[in-house]
Amino acid sequence: MDKVISADKNKNAKGGGIISGAFSLTLSTIIVKLLGLIYKVPLASILGDEGMGYFNSAYTVYAFFYLLCTAGVPKALMILISEAKAKGKAIDEANIYRVAMRLFLALGISVTALFVILANPLSRIIGNSNAAATMLAIAPSIVFISLAGVIRGYLSANMCLADIAISQIIEGVGKLVLGLVLAVSASKLELSLPVCSALTMLGVTFGSLLGFIYLSICSKIKLSREKLRQNKVNQAKGVIKRIFAISVPITLSAAIMSITGIIDLTLIMRSLESIGYTESEAAALYGNYTTLAVPMFNLAISVITPISIVFLPTFTKAKVIGDREMSASAEKSAIELTAFVSAPIVIGMTVFASEILTLLFGNSSINVGAPLLCLLAPAIVFASLLMIVNTVLEASGWVRVPVISMLIGSIAKLFVSYLLITNEDVGISGAPIGTVVSYAVALLVSLIIHGIKCDGRLKLFSSCVLPYVTACISVLVARLCYFRLSLSFGNTAGLFLAIIIAAVIYVVISVILGLFGRKKVIELSKYTNFT
């Protein structure tokens, strides 16, 4: 009897672990975003428009090299290590980790060297030659983030998600503190703006180093607990081949969206100018959209992303052992949890768009930004579900499917955006609508292929309907309360109180309907037993 009780407690702990893991990653993401905001406000004051031009130009180029080394690495390691765990081959798990560390140390050094060599030519190509010094300052971070990506994949497969969350916060704090200290010091010494920008960028490199050091300590502790001896016959070539086979398609998927964003910029600007806007007016509209609406969308997605991360090991295990029941159960729960988290975000952003943007950005251009955010919010629904579906496909070995779906979605986005933006009655509103269509089409493609390849249908509508109905009721009640609260306590306090009211109503109704609570935690425990 005691053993049964102990087992139930263990299951509940693991079921809770998947939720607490997702929560810790979500919380760290929010903290890092806030640190980024805190970082940029004084930085803009110190460097000015010209200095920020060097800083942002270098960071934009760096982002591409960053993508090459990080986009698919954590997922590839999670899949490979989860497979090893499912097969009960702990020594393979350790060897995969060691081979990957050596591989991405070499890759990180190579990409860093390439970035250093190309810094001057690239800075001239983008028309900002003074940004070269800043590129050199951030280049060493590529090595650290490459290795950190490997460690994050290893720790994620072992559900050590709190360690990853802490590393992200350490990285953000390191970037903030050293970056601002060097920026202030350089300014006081009256150094040139290119040098000031370069010294400030060292904060990013320092932050990535701190994050890597912390992750290294965590991984060493984890490996030492396993008490594993290194297997000298570790088939490194086979491991490397599989890492690339998984990570390259995932990286391509991310690259497609990155390139689409660049094309989208050109498309929006030229389309707006074609219907009578001047270049400065088109730039202002694009700036409003990308400064107000797009960051809110990105924040929502980054909050929801951890759910797909914590379920990946379960999807992989189900595939390896051939347990279709476990796979279907895990997919259903992942979709339900995604809907539970995304529903209040989507409805809240739509109903309180103006108030949220006013709180964050002031009253500047809110009349334009708020309607654009309302139009963009539905994309969160499709994008969040797409992450789950694509994660299932990747865990099942169909890593190229997301590339296909994202490519088709991107083509749909460009077509719809061009068609609508060049319509004078629609204008810039066509941009968020195009994004919604893009993710909807990509989701449809992935669902169709999932149905063919994975021999099963994902019940998206039935899993999403209750959370979204509950969110609508909660947010609309909060909206009615907001009018009185804002009169009594002011707009800011009224908004926070309204959000609290909406959250309380949402949680209470969700518990009553069984959308969340102890029963749901026990249900999660059925397929979070990795040992």
Straight-line distance of [X] [atom1] to [Y] [atom2], nearest 0.5 Å:
| X | Y | atom1 | atom2 | result |
| --- | --- | --- | --- | --- |
| L312 | I307 | CG | CD1 | 14.0 Å |
| I81 | S156 | CD1 | OG | 9.0 Å |
| S474 | I499 | OG | CD1 | 13.0 Å |
| L420 | D425 | CG | CG | 11.0 Å |
| I380 | N298 | CD1 | CG | 9.5 Å |
| T316 | I321 | OG1 | CD1 | 11.0 Å |

Among residues at least two apart in sequence or on other chains, which ones pass ring-ring contact (aromatic ring centres under 6.0 Å, His included) with [X]?
| X | answer |
| --- | --- |
| F104 | none |
| F352 | Y482 |
| Y506 | F340 |

At their closest point, which heavy atom of M349 faces which heavy atom of I356, and how far apart are they?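 What the structure gives for the nearest pair is CA-CD1, 4.2 Å.
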Do any N or O atoms from the side chain of [X] and from the backbone of [Y] form a donor-acceptor pair under 3.5 angstrom?
| X | Y | result |
| --- | --- | --- |
| N158 | C160 | no |
| S219 | S216 | yes |
| S327 | R324 | no |
| S333 | A330 | no |
| T391 | M387 | yes |

Which pairs with one or both residues in residues 239-254 pass salt bridge (charged side-chain N to carboxylate O under 4.0 Å, His left out), sequence neighbours excluded?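 Non-adjacent pairs meeting salt bridge (charged side-chain N to carboxylate O under 4.0 Å, His left out): E83-R242.
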Under the salt bridge (charged side-chain N to carboxylate O under 4.0 Å, His left out) definition, can you give me all pairs with a residue in residues 141-156, not counting sequence neighbours? R152-E171
Under the side-chain hydrogen bond (donor to acceptor under 3.5 Å, both in side chains) test, residues paired with S28 that sit two or more places apart: Q168
Just distance, no hydrogens or angles: give the donor-acceptor pairs under 3.5 Å from side chains in residues 431-444, sequence neighbours left out.
unit_1, atom_1, unit_2, atom_2, d
T435, OG1, K413, NZ, 2.6
T435, OG1, A431, O, 3.2
S438, OG, G409, O, 3.0

[X]: what forms a side-chain contact (heavy atoms from CB on, under 4.5 Å) with it, not counting sequence neighbours?
| X | answer |
| --- | --- |
| F244 | L103, I240, S247, V248 |
| V381 | V346, L385, Y468 |
| C218 | L155, D163, Y214 |
| I512 | V508 |

Please list all pairs passing the side-chain hydrogen bond (donor to acceptor under 3.5 Å, both in side chains) test where one or both residues lie in residues 395-407, with sequence neighbours left out.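 Pairs touching residues 395-407 that pass the test: S405-S446.
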Given V239 and N95, is the side-chain contact (heavy atoms from CB on, under 4.5 Å) satisfied, shown in steps? CA-CA 9 Å; V239 173; N95 284 327; 5.9 Å; no
Let's go through L376 and M296 carefully: what are the C-alpha distance in whole Å and the side-chain angles of both, what is the deciding distance for side-chain contact (heavy atoms from CB on, under 4.5 Å) to 0.1 Å, and is it a yes or a no? CA-CA 9 Å; L376 186 60; M296 297 304 298; over 6 Å; no
Apply side-chain contact (heavy atoms from CB on, under 4.5 Å) to residues K222 and Y154 and explain how you reach the verdict. CA-CA 10 Å; K222 175 64 182 171; Y154 169 72; 3.1 Å; yes
Show your working on side-chain contact (heavy atoms from CB on, under 4.5 Å) between L77 and L80 and close with a plain yes or no. CA-CA 5 Å; L77 265 291; L80 291 178; 5.5 Å; no
